[in-house]
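Following: one structure in structure tokens, then a few remarks.
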Amino acid sequence: MAGDPTPTGPPDTGDEPDDFLLAVRAAEGDEEAFAVLVRRHAPALVRLATRLLGNRAEAEDAVQESFISAWRKLPEFRGGSAVGTWLYRIVTNRCLNVLRARRPQAPLDAAHEPAAPTHTVAPDRITEGRTAVEDLLRALDGLSDEQRTCWVLREWDGRSYEFIADTVGITQQAVRARVFRARRQLTHALGAWQ
């Protein structure tokens with residue numbers, strides 16, 4: 001996978017304060033500093049939550065609740081990790097709680113079908129693509145919440161084992177084991193697509 005970009009948003013141009021300084025200011029009650037952190041990190045966090053939860057509305061709610069939690073916990077933030085990593089951890093934990101609370105979930109047939117794309121694609125290719133996505137989503141639902149989280153962070157987000165370990169709060173060895181087991185289970189479940 002690609003390298004492990006730190007989820008700190010746009011590159012530092014020197015015009016804006018870095019995340020740590022913003023976090024310090026926000027911890028002192030500076031709402032505008034916190035708003036900058038939200039604008040900087042929200043897009044990546046919503047993408048992560050959407051991948052973990054499979055539902056954009058739930059993902060946005062989880063990220064919003066995570067930012068509320070982060071605002072409350074800012075005075076406790078000591079800079080032991082990057083602000084972006086700290087926010088990833090809060091969102092990941094919130095998503096894990098949502099996943100645990102909603103099992104068992106509604107059958108895939110009950111899911112709302114997204115609108116058809118505006119470009120023209122052969123109907124058989126559309127059907128094949130939808131089937132592949134449905135099979136992947138079903139296979140992901142077969143993973144434990146922890147395996148799914150580690151797999152999504154590694155395979156979809158391209159994060160390093162070190163980053164995932166820090167975010168999820170487990171050892172790199174445990175992350176590697178969960179990703180390995182998830183890959184093996186997904187390979188078995190998606191055997192028809194190989």
Side-chain angles (χ1 to χ4, degrees), residues 4 6-9 19 23 26-27 34-35 37-108 110-112 114 133-134 136-183 185-186 189:
D4 182 22
T6 303
T8 58
D19 282 354
F34 189 70
L37 285 173
V38 169
R39 283 191 302 272
R40 192 176 281 178
H41 294 280
L45 295 172
V46 169
R47 278 191 307 274
L48 168 67
T50 301
R51 289 173 176 163
L52 290 173
L53 299 174
N55 179 300
R56 176 75 181 207
E58 267 188 319
E60 289 172 352
D61 288 346
V63 170
Q64 183 175 1
E65 291 169 16
S66 296
F67 276 124
I68 291 168
S69 177
W71 173 256
R72 290 181 184 138
K73 293 178 181 179
L74 269 170
E76 301 166 19
F77 179 70
R78 300 286 176 243
S81 62
V83 173
T85 303
W86 182 66
L87 291 170
Y88 256 63
R89 184 178 309 121
I90 292 170
V91 169
T92 299
N93 287 334
R94 178 70 194 134
C95 289
L96 283 170
N97 290 339
V98 169
L99 286 169
R100 289 179 188 125
R102 74 177 184 196
R103 291 205 189 261
Q105 79 186 52
L108 191 58
H112 175 67
V133 169
E134 288 172 359
L136 176 60
L137 292 175
R138 260 192 296 276
L140 284 172
D141 282 342
L143 300 176
S144 72
D145 297 336
E146 292 78 12
Q147 287 174 339
R148 179 183 178 133
T149 300
C150 291
W151 186 88
V152 165
L153 285 169
R154 179 69 181 163
E155 301 299 337
W156 275 350
D157 254 20
R159 300 296 173 183
S160 70
Y161 291 111
E162 179 181 7
F163 178 88
I164 299 167
D166 190 37
T167 300
V168 179
I170 58 177
T171 66
Q172 287 186 49
Q173 182 91 5
V175 170
R176 288 179 190 278
R178 288 179 182 169
V179 170
F180 173 78
R181 285 192 296 273
R183 285 177 182 155
Q185 191 169 337
L186 290 173

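- If you run side chain to side chain donor-acceptor pair (under 3.5 Å) between Tyr88 and each of Asn93, Thr167, Asp157, only Asp157 comes through.
- Side chains of Val91 and Leu87 form no contact here, defined as non-hydrogen atoms less than 4.5 Å apart.
- Taking CG of Leu99 as the reference point, atom OG1 of Thr92 lies at 10.5 Å (rounded to 0.5 Å).
- Taking CG from Leu37 and CG from Asp19, the interatomic distance works out to 5.5 Å, rounded to the nearest 0.5 Å.
- Listed by chain and residue number, Leu143, Gln147 satisfy the side-chain contact (heavy atoms from CB on, under 4.5 Å) test with Gln185 (two or more places apart in sequence, or in another chain).
- Shown here for Cys95 and Leu53, the closest heavy-atom pair between the two residues is O-CD2, 3.6 Å.
- The two residues Trp86 and Ala70 come nearest to each other via the heavy atoms CH2-O, 3.5 Å.
- The two residues Val63 and Ala49 come nearest to each other via the heavy atoms CG2-CB, 3.9 Å.
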Please lay out, stage by stage, how Val83 and Arg40 fare under the test side chain to side chain contact (heavy atoms under 4.5 Å, CB included). CA-CA 11 Å; Val83 173; Arg40 192 176 281 178; over 6 Å; no

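- Going from atom CZ of Phe180 over to atom SG of Cys150 covers 14.5 Å, rounded to the nearest 0.5 Å.
- Annotation: salt bridge (charged side-chain N to carboxylate O under 4.0 Å, His left out) contacts involving residues 62-89, sequence neighbours excluded, comprise Glu65-Arg94, Arg89-Asp166.
- Of all the heavy atoms in Arg148 and Gly54, the pair that sits closest is NH2-N, 4.1 Å.
- Between the Arg159 side chain and the Arg154 main chain, no donor and acceptor come within less than 3.5 Å of each other.
- Aromatic ring orientation, Phe34 versus Phe67: perpendicular (interplanar angle above 60°, classes split at 30° and 60°).
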Would Glu146 and Ile170 count as a side chain to side chain contact (heavy atoms under 4.5 Å, CB included) if you check the C-alpha gap in whole Å, the side-chain angles of each, and the deciding distance to 0.1 Å?
-> CA-CA 10 Å; Glu146 292 78 12; Ile170 58 177; over 6 Å; no

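- Of the residues Ile164, Val179, Val175, the one that meets the side-chain contact (heavy atoms from CB on, under 4.5 Å) test with Leu153 is Ile164.
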Could you go step by step and tell me if Thr50 and Glu60 meet the side chain to side chain contact (heavy atoms under 4.5 Å, CB included) rule? CA-CA 8 Å; Thr50 301; Glu60 289 172 352; over 6 Å; no

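- A pairwise comparison of heavy atoms in Pro75 and Trp71 identifies CD-O, 4.0 Å as the closest pair.
- Put simply, CZ on Arg178 and CZ on Arg183 are 15.0 Å apart, with the number rounded to the nearest 0.5 Å.
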